[in-house]
2 protein chains.
Amino acid sequence: MKNEKKSYHHKNLRPVLMDEAAKMIAEGGAASVTMRELGKRVGVSRGAAYRHFSDKDALLMSVSASGFEKLSSEVQSVIQNGEMSFESRLLALGKVYLQFAIENPAHYRLMYGKEALSRWNQPVLKESADGLFDHLYEVIKGFQGECDISEKDTRTLVYVAWSSVHGLASILIEKHIMAEVEIEPIINEAMQTIINGFKAAS
Amino acid sequence: MKNEKKSYHHKNLRPVLMDEAAKMIAEGGAASVTMRELGKRVGVSRGAAYRHFSDKDALLMSVSASGFEKLSSEVQSVIQNGEMSFESRLLALGKVYLQFAIENPAHYRLMYGKEALSRWNQPVLKESADGLFDHLYEVIKGFQGECDISEKDTRTLVYVAWSSVHGLASILIEKHIMAEVEIEPIINEAMQTIINGFKAAS
DNA sequence: AACAGCATATTGACATTGTCAACATTTTTT
DNA sequence: AAAAAATGTTGACAATGTCAATATGCTGTT
C-alpha cells in the first residue's frame, strides 16, 4: 500500500508551493506560474495557496527572497575563504554571481525584474538584498585598504561594481550577446576592467 | 463646429495606438496596458488594434522598437560631435544612455526586460538594438586607437562597457539604490572606472 | 474520550483580460 | 455604381486571480 495517500491537509504546503513555483519559473518563466497549475502540480486545489500567501505577488516575492538567500549564501562561502587576496575574492565573487544568474535565469529575472518593483520595500526582500550588498561592501572595503585607494567612497564603488556584474548578468540572460561569442573572456575582461579601473583611480 | 467628429475609420490608428501605449507604459508600467483600456483612451473599440497588430505582444514589441530608435538617435547625435575626444564621447554617450533610462524607466524596462524575450529575434527589434551596438562599437574602436590598446578585441570591450551602463541603468530604475544617495557621483565614477580600466589594460 | 475552536483545503462564483469570428461601415478599385 | 478591400465593432469564450461559503482535519481543554 502506497504511503502517498492524499490527506486533506497537506501539512507542509508552503515550502512545497515555493519549490514548485521555482521549478515552474525555471521551466517557463515567471509568467507561466498560475495558481491553478501550481495547485495541480502539487496535488492541491487552486485556492489552497491563499492560506499561505496573501496573493500571487506575495508568493512570487517569497520565491524571489529565497533566491536572494541562496545567492547570498553562495557569495558568502566564497568570501569567507580567508586565504585569498581581496582582489581574488572580488573576482571570485563576480564569477559566482554570474554563474548563479546563468544557471537560474528566470529566477534571477524575478529577483531583479519589474515584478519585484511594487513590493521592493517589503522587509523580506530588502533584508535579503541588503545582505548581498553588505557582503560586497566588505570585500571592496578590504580591497581599498589593500590597494591604498581608501579616499574613495566605498558605497559608490560597491554600486559601480554591482552595476557591472548585474548588467553583464542581465545581458547574458536576455541573450543580448550574439550566440557564437564566447562568454568566458567577456566575464574575465569585465571583472578585470573594474579591478583595474578601481586601482587606476588611486 | 468641432472638427472632432468621430468617423468610423480612425485613419491613423497604428501610430496613435503606439503613442498611447507608450504613455500608458510611462504612467503605469507595461502591465497596465490593456487592449480595452488602450482602445477606450484612443476612442476606439477593443478589437480595433487587431487590424494593426497581430496581438498584444506585437504591439508592445513595436513600442519597444520605437524606444530603441529614439535612444539610438539620441546616442547618434552625441557621437557625431566630431570636436570631442573619443574619451569624452564615451562619457557623454553613457550619460545620454542613462538619462534616457531614468526619464523613461518603464519604457526602458520593456526594451530590455523579459517581455522582449520571446520575440527578440524579430527583425524590427534586432535591427534597432544592433544599431545601438554599432554606435558604441565605433566609439570604442576610436578610443582604442586613441589610447593604443588596440590589441584587445573591440567586441568584448563593447560588451563590458554596455554591461556597466546597462547595469547601472537597471539598478537606478529599479530603485535598488538607497533613495538618499546622490546618483550623479555614481554615474561619473562608473564611467570613469570603465575608462580607466580600459586604459590600464593597454 | 468528547467537544470546541482553529488551521487548512475545496468549490462555486465573479470580474478582468486576450482573442477570435461574425458583422458593419468606410474607402478604394474596377 | 458595383465589387472588393480595409478598417472598426460587438458578442462570445477560455483562462486567470481572487473571494466567500463550505468542508475537513488537527489540537488542546475539560
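Just so it is clear, the values below take in all heavy atoms, side chains as well, and ignore hydrogens, waters and symmetry mates. To find a chain, count down the sequence lines: A is the first, B the second, and so on, and within it residues start at 1. For clarity, every value in this text was computed on a predicted model and none was experimentally measured.
As rounded to whole Å, 11 Å separates atom C1' of C/dT16 from atom NZ of B/Lys40. With rounding to whole Å, A/Phe53 atom CZ is found 12 Å from C/dT8 atom P. If you measure from atom CE of A/Met35 to atom C1' of D/dA14, you get 19 Å, rounded to the nearest angstrom. Taking atom CZ of A/Arg36 as the reference point, atom C1' of C/dG12 lies 11 Å away to the nearest angstrom. Separating the CG atom of A/Leu60 from the C1' atom of D/dG17 is a distance of 12 Å, rounded to the nearest angstrom. Atom pair B/Lys56:NZ and C/dC20:P shows a separation of 14 Å (rounding to whole Å applied). One atom, CG of A/Leu59, and another, P of D/dG17, lie 11 Å apart when rounded to the nearest Å. Between the CG atom of A/Leu38 and the P atom of D/dT18 there is a distance of 13 Å, rounded to whole Å.
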Please write out each protein N/O paired with an N/O of nucleotides 6-8 of chain D under 3.5 Å, distance rounded to 0.1 Å.
unit_1: D/dT7; atom_1: O2; unit_2: B/His9; atom_2: NE2; d: 3.2
unit_1: D/dG8; atom_1: OP1; unit_2: B/His10; atom_2: N; d: 3.0
unit_1: D/dG8; atom_1: OP2; unit_2: B/His52; atom_2: NE2; d: 2.8
unit_1: D/dG8; atom_1: N7; unit_2: B/Arg51; atom_2: NE; d: 3.1
unit_1: D/dG8; atom_1: O6; unit_2: B/Arg51; atom_2: NH2; d: 2.7
unit_1: D/dG8; atom_1: N2; unit_2: B/Tyr8; atom_2: OH; d: 3.4
unit_1: D/dG8; atom_1: N3; unit_2: B/Tyr8; atom_2: OH; d: 2.8

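For B/Arg51, there are no side chain to side chain donor-acceptor pair (under 3.5 Å) partners, not counting sequence neighbours. For A/Glu83, the side chain to side chain donor-acceptor pair (under 3.5 Å) test picks out no residue, with sequence neighbours left out. When the side chain to side chain contact (heavy atoms under 4.5 Å, CB included) test is applied to B/Asp153, the partners found at least two apart in sequence or on another chain are B/Arg155, B/Thr156. Listed by chain and residue number, A/Ile79, A/Arg89, A/Leu90, A/Leu93 satisfy the side chain to side chain contact (heavy atoms under 4.5 Å, CB included) test with A/Val139 (two or more places apart in sequence, or in another chain).
For B/Arg46 and C/dT17, a side-chain-to-base donor-acceptor distance below 3.5 Å is absent, hydrogens and geometry of angles not being considered.
Crowding of A/Lys56 atom NZ: a count of heavy atoms from other residues, nucleotides or ligands under 6.0 Å exceeding 12.
Each ring pair (Phe, Tyr, Trp, His ring centres under 6.0 Å) pair with one or both residues in residues 73-100 of chain A, not counting sequence neighbours, appears once here: A/Tyr97-A/Tyr108.
Note on B/Val33: only backbone sugar-phosphate atoms sit closer than 4.0 angstrom, heavy atoms only; bases stay farther off.
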